[in-house]
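Heads up, the thing below is written out as structure tokens.
Sequence lines set the chain letters: A, B, ... in the order given, protein chains first and strands last, and positions in each chain run from 1.
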There are 2 protein chains.
Amino acid sequence: MRKDPTGRALQLLSLLQTHRLWRSAELAERLEITERTVRRDVDRLRDLGYRVDATPGKHGGYRLATGAHLPPLVLDDGEAVALAVGLRYAAEAAIVGMEETSLRALTKIEQLLPHRLRRRVSTLHSNVASIRREADDDIIDPEALSVLAAACRDREEVRFDYRRHDGDNSRRLVEPHQLVTAGRRWYLVAWDQQRRDWRTFRLDRLREPQPAGGHFTSRQIPGGDAASFLAGSLGSIPRLYEAEIAVNAAFAELESALRWVDHTPIEMEADACRVQIRSEDLGRLAMTVARIALTAPVAVIEPAELADTVRRLAAHLTEP
Amino acid sequence: MRKDPTGRALQLLSLLQTHRLWRSAELAERLEITERTVRRDVDRLRDLGYRVDATPGKHGGYRLATGAHLPPLVLDDGEAVALAVGLRYAAEAAIVGMEETSLRALTKIEQLLPHRLRRRVSTLHSNVASIRREADDDIIDPEALSVLAAACRDREEVRFDYRRHDGDNSRRLVEPHQLVTAGRRWYLVAWDQQRRDWRTFRLDRLREPQPAGGHFTSRQIPGGDAASFLAGSLGSIPRLYEAEIAVNAAFAELESALRWVDHTPIEMEADACRVQIRSEDLGRLAMTVARIALTAPVAVIEPAELADTVRRLAAHLTEP
DNA sequence: CGCATTGCGGACAAGATCGGTCCTCGGTAG
DNA sequence: CTACCGAGGACCGATCTTGTCCGCAATGCG
């Protein structure tokens, strides 16, 4: 029946520590207790001096008031795994000097862990190998990360050299709003003062960012938040190719084929649809079309260039 | 007499947090309990993962190990960045519940850092967003990771259910040698006892690994180490389809198209070649053929199945 | 305004846990 | 060797915890 109220209190604190809004039911599930007991546990925390705000109503829930100073919390098993896995991933994160550094950090942190977890972490650490990727052209500087993150926080303008994909170099002055990771790449979403527009910058193409002194007031990022803005603009930055295709199948059936390309459905009918796909690489678009052709008839509406490429591809397949 | 074990535990924690030496009698007085109960409470904290050192004898007493003489956590700037970045990456590691978990771990560790670094880490933490991936079909269980890592370390056989890509389920008994990450995927390189051969298993297709009790002596992994063995076998594991194709171009020109498939050149002439390609997935082979067709005429020699698929693909491209 | 959602907290009973007492070990320092 | 101090087993009654069931209050939506 009862497990361990004390441990649960710590666990509850650790959950609330993320400062997100937790609904009673969520907490109950996590802690494997009833909602009633959640309320009791929260009460207990409050008695102990922690400010736990609760709001009733539709969007209600619990939230730890900021500034509460917490007891030292111990990592649980999952967190220990996250640590080991995370720092191992970091070693491959395309950041200069990261491999050695993150392993060093891991070793240091291991020292602080209770025995059981230390063993777990070090086991995980030493029994995992990884296949190196070969692309070494997109390495970024940890210092740059820090500078940009700090500038985002302080709403301070930054200046840096940026090399576009076509090799063009230019000096930029921007208002940095957010760093975003997408797979192994890092991007900065910022308002470009010279262009008077939003831009995303790949961190590996950016050199020596420096605080420029000026401060700015935060703007509304189009698309709601930086991540979706980036997602939307990823395919269109070089905006070399935007294609429209017609497929004799329901849009839903294309999910797997379109998973890795930037796409927008234009028309959706029961057994046919039109989709816009975008990429900086014509070959990639052609492969996407071919991928769709595996399962359904497809035609390229525009651009003519892509239609040509696809036609050539088909010809190569039929008349060797 | 107030009886509130939970509150007392937290109180005790905060007393011990001062890192001075507390004698049992002192604690008993502060907490208004017996010394016997102090011992019990200390035990409880230890069970929860806190390292409480106790020394007997004349100058004995209790003290919290973490940070007593060992300074809180001395990381340099780079290590701090690695920490933040790594745990952020872990969030994308395709491990169930990892996002929450790794961010929680990060917040906890932040508490241990000296001010300057804490600021740095938390800045990085809170100014980075990430684009969620959508593929949720390859999620693995952190518990499985730990079990397998431990089995590798202890050279202990493990048993698990494995689902092949074709949906076939089977129970395996293997000698686990190494975990390997490749991109977002995790693999286990192991000697399969029933098959009497090396196999690689995708962790997301493996269910409930359990130590099987038996121990084994480590074998030499073909290819030298697990990572290169995996790299070599990625394309050929199930080897369901072996196809032979003829291309009207020099073999060298196919390099990029063949990069990610298991292939063997059969005949190489100046402007034509025949290549064997292997994959578990017919669609994948078809896509490889299409990829080649981007640049050169290509024909499928066998199997007929692949020829059919490619013919259908071409038809879909030409007669929508 | 009514309705759904979400948090709040009282009452109660079963039973697990807790804590004081008593006692024996075992390691440390002088 | 001896005093001091932490470790921990056993026992037992007092206490605390928890699930269940309940009606109440605040919020937001249509």
Side-chain angles (χ1 to χ4, degrees), chain A residues 1-66 68 71 114-116 224, chain B residues 1-66 68-69:
Chain A
M1 182 180 173
R2 149 139 130 256
K3 239 172 54 178
D4 170 20
T6 310
R8 247 189 9 239
L10 267 338
Q11 211 182 331
L12 182 53
L13 271 180
S14 135
L15 290 176
L16 290 174
Q17 174 191 228
T18 63
H19 292 294
R20 58 163 267 213
L21 192 73
W22 291 89
R23 277 176 325 185
S24 168
E26 285 180 281
L27 294 174
E29 195 190 348
R30 290 292 191 110
L31 304 173
E32 299 179 301
I33 50 176
T34 355
E35 294 189 38
R36 182 66 185 90
T37 304
V38 168
R39 290 199 289 274
R40 281 194 271 245
D41 281 359
V42 169
D43 270 352
R44 192 166 15 229
L45 288 189
R46 288 203 259 244
D47 282 346
L48 291 169
Y50 297 96
R51 263 192 56 203
V52 182
D53 292 344
T55 48
K58 187 113 184 172
H59 305 300
Y62 295 93
R63 184 194 295 276
L64 190 60
T66 55
H115 290 59
R116 203 175 51 84
Chain B
M1 188 175 306
R2 163 144 160 252
K3 290 196 179 180
D4 172 18
T6 305
R8 241 185 19 234
L10 295 184
Q11 207 183 336
L12 179 54
L13 200 49
S14 71
L15 288 179
L16 290 174
Q17 230 187 319
T18 64
H19 296 143
R20 55 162 277 208
L21 190 72
W22 292 87
R23 277 182 324 194
S24 167
E26 286 182 280
L27 293 174
E29 194 189 350
R30 290 294 269 271
L31 303 173
E32 300 178 302
I33 51 179
T34 345
E35 294 187 39
R36 179 67 185 88
T37 305
V38 168
R39 286 200 288 275
R40 277 195 274 247
D41 281 358
V42 168
D43 271 350
R44 215 194 320 268
L45 285 189
R46 288 204 257 245
D47 281 346
L48 289 169
Y50 292 91
R51 271 183 56 195
V52 183
D53 286 350
T55 47
K58 189 110 183 176
H59 306 300
Y62 295 95
R63 89 187 333 162
L64 198 57
T66 308
H69 346 262

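The CG atom of B:L27 sits 12.0 Å away from the OG1 atom of B:T37 when rounded to the nearest 0.5 Å.
Nearest approach of A:P71 to A:L10, heavy atoms of both residues: CG-CD1, 4.3 Å. The shortest non-hydrogen separation linking B:S24 to B:V38 is O-CG2, 4.0 Å.
Rounded to a whole Å, the CG atom of B:L45 is 12 Å from the P atom of D:dA7. Distance A:L16 CG to C:dG7 P: 12 Å, rounded to the nearest Å. Computed from coordinates, the A:D47 CG to D:dC16 P distance equals 13 Å when rounded to whole Å. Atom C1' of nucleotide D:dC5 and atom CG of B:D53 are separated by 16 Å, given to the nearest angstrom. Atom CG in A:D43 sits roughly 8 Å away from atom P in C:dC8 (whole-Å rounding). In this entry the distance linking CD of A:E35 with C1' of C:dG10 reads 17 Å, nearest Å.
Checked against side chain to side chain contact (heavy atoms under 4.5 Å, CB included), A:R46 has the following partners two or more places apart in sequence or in another chain: A:V42, A:D43, A:V52, A:A54, A:Y62. Under the salt bridge (Lys or Arg N to Asp or Glu O under 4.0 Å) criterion, B:R23 pairs with no residue at all, not counting sequence neighbours. Judged as a salt bridge (Lys or Arg N to Asp or Glu O under 4.0 Å), and not counting sequence neighbours, A:R40 has no contacts.
Distances shorter than 4.0 Å separate none of the side-chain N or O atoms of A:R8 from OP1 or OP2 on D:dT17. Contact annotation: B:R23 does not reach the phosphate of D:dC4 (side-chain N/O to OP1 or OP2, under 4.0 Å).
Taking a 4.0 Å limit (strictly below) on heavy-atom distances, residues 25-33 of chain A reaches DNA chain D at A:I33.
Take the nearest nucleotide of DNA chain D for B:A54 and for A:D41: the residue whose nucleotide is more 5' is B:A54.
The overall bend of the helix from C:dC1-D:dG30 to C:dG30-D:dC1, read as the angle between its terminal helix axes built from five base pairs each, is 60° when rounded to 10 degrees.
At a threshold of 4.5 Å between non-hydrogen side-chain atoms, the residues B:L45 and B:L16 count as touching. In this structure, B:D47 and A:D4 have side chains that are not in contact, with every pair of non-hydrogen atoms separated by 4.5 Å or more.
Checking B:R8, B:Q11, B:R36 one by one against B:D41, the side chain to side chain donor-acceptor pair (under 3.5 Å) holds for a single residue, B:R8.
With a 6.0 Å radius and a threshold of 12 heavy atoms from other residues, nucleotides or ligands, B:R30 has its CZ atom at or below the threshold.
Between the A:H19 side chain and the A:R63 main chain, no donor and acceptor come within less than 3.5 Å of each other.
Residue A:R63 is out of contact with every strand shown, counting any heavy-atom pair closer than 4.0 Å.
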Expected rows: protein N/O vs nucleotides 20-30 of chain D N/O, under 3.5 Å:
none

